Amino acid sequence: MSSPVVTRFAPSPTGFLHIGGGRTALFNWLYARGRGGKFLLRIEDTDRERSTPEATAAILKGLTWLGLDWDGEVVSQFDRKDRHAEVAHEMLARGTAYKCFSTPEEIAAFRAEAEAKGASYAVFQSPWRDADPATYPDAPFAIRMKAPRTGETEIRDEVQGIVTIKNETLDDMIVLRSDGTPTYMLAVVVDDHDMGVTHVIRGDDHLNNAARQQMVYTAMGWTVPVWAHIPLIHGPDGKKLSKRHGATGVEEYQAMGYPAAGMRNYLTRLGWAHGDAEIFTSAEAMQMFDLKGIGRAPARLDFKKLENTCGHHIAMTEDAALLQELEGFLLAAGKPALTALQRDRLARGLYCVKDRAKTFPELLEKAQFAMTSRPVAIDEAAAKNLDTVSRGILKSLTPRLQNASWTKEGLETILNDAAAENGIGFGKLAAPLRAALAGRTATPSVFDMMLVIGRDETIARLEDAGA
RNA sequence: GGCCCGUUCGUCUAUCGGUUAGGACACCUGGUUUUCAACCAGGUAAGAGGGGUUCGACUCCCCUACGGGCUGCCA
């Protein structure tokens, strides 16, 4: 009985992929993928003034980075304009739409007059709705849907519940403009129907539109899809997310160094919950995701939680995959690529830094000891740990290091012995070592650093430090 | 203005008429520790306001306040 689920993401190519759009796409993707369905992508480019191929490319790139793969070819709504016009004319033939010869000027005048009269609102009622075709002038016309003027339209929404809209508040929307091009209201319905979309999951800014779109489904005798209008994302201050909140485009998040898996996890949990589940993989999310768990109130973006979530994912990711994504970050952020040596050291050293970082810049910062090359720059705080006494102790270390077995156990033995012989705690020895090895006071464990950079580099850095 | 939607710790949320209102992030305290993180233990912190309905409301209804959306020959 259950037909396969088909969802879609249908952005307008007027800019980069908005973080809110990314989440909408994510919800559609999770819903379809978790049910063995299809997730389609359609670019709503009927507005020729504002649509650009660059924006389309940016959206595709953003989705790809987020790891949201779509099925089949990307559909261009503009390419389907003939089909839209065909449906408009079919509505005409069915009597569910009519030719309207009112000009934009006349309509504007009607609204101005209504406003002047103090009317709180005015639904434009075309005089051509029931006009006799014999009276039609030889002039351009728009095709308007003949919407019911009484009664109400009921939207059964999986997120919002049952929403009823009074038909009298809805005008006879134009489905085909006087220049023959389709409007969004018509195109979206025709495309969703033709593409076999079963679940329309989109922002709740379309909730009111759903009523009018549902009328088109009814007029054409088509099956109405399952509606799910999700609340928009707001900025930390609760206001609609905008430029002044900082990053609004997903590519900005990539450039800031958030891992895609972490973004997916965070965005999934933003406005959706499944018991106490917080950290999960996309495979797990697909199993859990449902429309029922989507909240009705707009959620605010919280960068602290985003970071925390990303931290878990960086720690969870396999070293090889992490290194690959890190290089993608470097590219996206316009930072210099890794040298062969850095790449090699990072590959070996990721294990001791990946559970300490929340973002890629932080990961790189923690791995500084592996990235840097000699002579190691020593900062002021670290330099204080390199007095003559400690330098002497370090110096006594080098011959032993030369012959040490280069394992954590071997190094532990040597360093602990050295500390004991000098009558100092291990901490007193670790501080100058850290300074010589990394030039800093905050680093991973000295053993890990030595293991990662190797014997020769370790000894060389100790000698550089004057040991 | 009209219509539609929303409102639980600072934030994301659980609860689906009866709970000491739970979890996570953040924050604070303590522990662990070679530094920094991480980690472990504990703590502070919530039902917008007002009316109902009910033996009993965070849960249901109404009003108000606040927030958001729609109200185009834009999408």
Side-chain angles (χ1 to χ4, degrees), chain A residues 10-14 44-47 49-51 77 100 102-104 107-108 111 115 118-124 140-144 155 157 159-161 163-166 168-171 173-179 181-185 187-188 203-212 229 231-232 234 236 238-240 266 269-279 293 295-309 311 315 353 355-358 362 366 381-382 385 415-416 419 425-431 433-435 438 440-447:
Chain A
S12 311
T14 55
E44 310 227 312
D45 51 359
T46 54
D47 184 338
E49 302 275 299
R50 299 194 297 155
S51 300
Q77 189 160 65
C100 172
S102 295
T103 64
I107 297 168
R111 292 209 173 94
E115 200 173 322
S120 52
Y121 71 101
V123 171
F124 176 69
F141 60 87
I143 296 181
R144 300 187 99 105
I155 297 297
D157 195 284
V159 175
Q160 308 288 339
V163 179
T164 56
I165 315 267
K166 289 185 192 64
E168 64 190 42
T169 65
L170 268 21
D171 64 358
M173 65 174 180
I174 288 175
V175 291
L176 202 69
R177 301 187 185 96
S178 50
D179 65 359
T181 60
T183 59
Y184 160 76
M185 290 290 181
V188 70
D204 67 4
D205 48 333
H206 288 288
L207 182 56
N208 285 278
N209 292 336
R212 320 166 93 172
H229 290 92
L232 269 16
H234 285 186
K239 301 288 186 185
K240 187 181 175 185
Y266 175 72
R269 267 295 279 110
L270 190 60
W272 173 85
H274 184 82
D276 289 338
E278 293 285 352
I279 302 299
R296 283 103 2 228
R300 305 180 188 199
L301 223 41
D302 179 358
F303 283 83
K304 279 292 204 310
K305 185 150 185 174
L306 202 213
E307 285 183 9
N308 179 277
T309 303
V353 289
D355 58 354
R356 324 159 65 104
K358 298 177 167 68
E362 199 181 337
K366 303 274 187 199
N385 293 324
L415 296 188
N416 281 323
F426 180 69
K428 288 288 180 195
L429 176 59
L433 252 179
R434 215 184 310 279
R440 300 185 177 190
T441 52
T443 74
S445 140
V446 292
F447 300 114

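Chain identifiers are assigned alphabetically (A, B, ...) following the order of the sequence lines, protein sequences preceding nucleic acid strands; residue numbering begins at 1 within each chain. It should be emphasised that the depicted structure is a prediction, and the values quoted were computed from it without experimental measurement.
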Between [atom2] on [N] and [atom1] on [X], what's the gap in Å once rounded to a whole number?
X: A:Ile165; N: B:G69; atom1: CD1; atom2: P; answer: 16 Å
X: A:Asn209; N: B:U71; atom1: CG; atom2: C1'; answer: 10 Å
X: A:Lys304; N: B:G10; atom1: NZ; atom2: C1'; answer: 12 Å
X: A:Arg212; N: B:G69; atom1: CZ; atom2: C1'; answer: 14 Å
X: A:Asp205; N: B:G69; atom1: CG; atom2: P; answer: 9 Å
X: A:Leu306; N: B:C25; atom1: CG; atom2: P; answer: 14 Å
X: A:Asp204; N: B:G67; atom1: CG; atom2: C1'; answer: 12 Å
X: A:Leu170; N: B:G72; atom1: CG; atom2: P; answer: 11 Å

Do A:Leu415 and A:Phe447 have side chains that approach each other closer than 4.5 Å (heavy atoms only, starting at C-beta)?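 A:Leu415 reaches A:Phe447 side chain to side chain.
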
Just so I know, are the side chains of A:Val159 and A:His229 near enough to count as touching, which here means a heavy-atom distance under 4.5 Å?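 They are not in side-chain contact.
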
Could you identify the nucleotide paired to [N], looking across every strand shown and requiring Watson-Crick or G-U wobble geometry with both distances under 3.5 Å?
N: B:C66; result: B:G6
N: B:C36; result: none
N: B:C73; result: none

Once you round to the nearest 0.5 Å, how far does OH of A:Tyr184 lie from OG1 of A:Thr46?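 Result: 9.5 Å between the selected atoms.
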
Quantified in whole Å, what is the [atom1] atom distance between nucleotide [N] and nucleotide [M]?
N: B:U7; M: B:A48; atom1: C1'; result: 7 Å
N: B:C3; M: B:U59; atom1: P; result: 25 Å
N: B:C40; M: B:U33; atom1: C1'; result: 12 Å
N: B:G10; M: B:A45; atom1: P; result: 10 Å
N: B:C60; M: B:G18; atom1: C1'; result: 15 Å
N: B:C55; M: B:C39; atom1: C1'; result: 49 Å
N: B:G47; M: B:C58; atom1: P; result: 10 Å
N: B:C73; M: B:A65; atom1: P; result: 32 Å

Taking [Y]'s backbone N and O only, do any of them form a donor-acceptor pair with [X]'s side chain (distance below 3.5 Å, no angle check)?
X: A:Tyr266; Y: A:Asp302; result: yes
X: A:Thr14; Y: A:Arg50; result: no
X: A:Asp171; Y: A:Phe124; result: no

NA contact type, [X], heavy-atom cut-off 4.0 Å: base, sugar-phosphate, or nothing?
X: A:Arg440; answer: nothing
X: A:Ser51; answer: nothing
X: A:Leu207; answer: sugar-phosphate
X: A:Thr164; answer: sugar-phosphate
X: A:His229; answer: nothing
X: A:Asp171; answer: nothing
X: A:Met173; answer: nothing

Which atom of A:Gln160 lies closest to which atom of A:Leu207, heavy atoms considered: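 Shortest heavy-atom separation between A:Gln160 and A:Leu207 comes out as CG-CD2, 4.0 Å.
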
Could one point to a donor on the side chain of A:Ser178 or the base of B:C73 with an acceptor on the other under 3.5 Å away?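 Yes.
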
Qualifying residues under ring pair (Phe, Tyr, Trp, His ring centres under 6.0 Å), relative to A:His234, sequence neighbours excluded: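 With neighbours one apart ignored, the set is empty.
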
Does the protein touch nucleotides 11-16 of chain B at the base, only the backbone, or not at all? Give it as B, S and - per nucleotide, heavy atoms under 4.0 Å. BBSS-B

It should be established whether A:Asn308 places a side-chain nitrogen or oxygen under 4.0 Å from OP1 or OP2 of nucleotide B:A24.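 No, because none of the side-chain N or O atoms of A:Asn308 sits under 4.0 Å from OP1 or OP2 of B:A24.
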
Polar-atom pairs under 3.5 Å, protein N or O versus N or O of nucleotides 31-37 of chain B: list them with distances, or write none.
from  : atom 1 : to       : atom 2 : distance (Å)
B:U34 : O2'    : A:Arg434 : NH2    : 2.9
B:U34 : O2     : A:Arg434 : NH1    : 3.2
B:U34 : O2     : A:Arg434 : NH2    : 2.9
B:U34 : O4     : A:Ser445 : OG     : 3.1
B:U35 : O2'    : A:Thr441 : O      : 3.1
B:U35 : O2     : A:Thr441 : O      : 3.1
B:U35 : O2     : A:Thr443 : N      : 2.8
B:U35 : O2     : A:Thr443 : O      : 3.2
B:U35 : N3     : A:Arg434 : NH1    : 3.2
B:U35 : N3     : A:Thr443 : O      : 2.4
B:U35 : O4     : A:Thr443 : O      : 3.4
B:U35 : O4     : A:Ser445 : N      : 3.3
B:C36 : O2     : A:Arg356 : NH2    : 2.4
B:C36 : N3     : A:Arg356 : NH2    : 2.3
B:A37 : O2'    : A:Arg356 : O      : 3.2

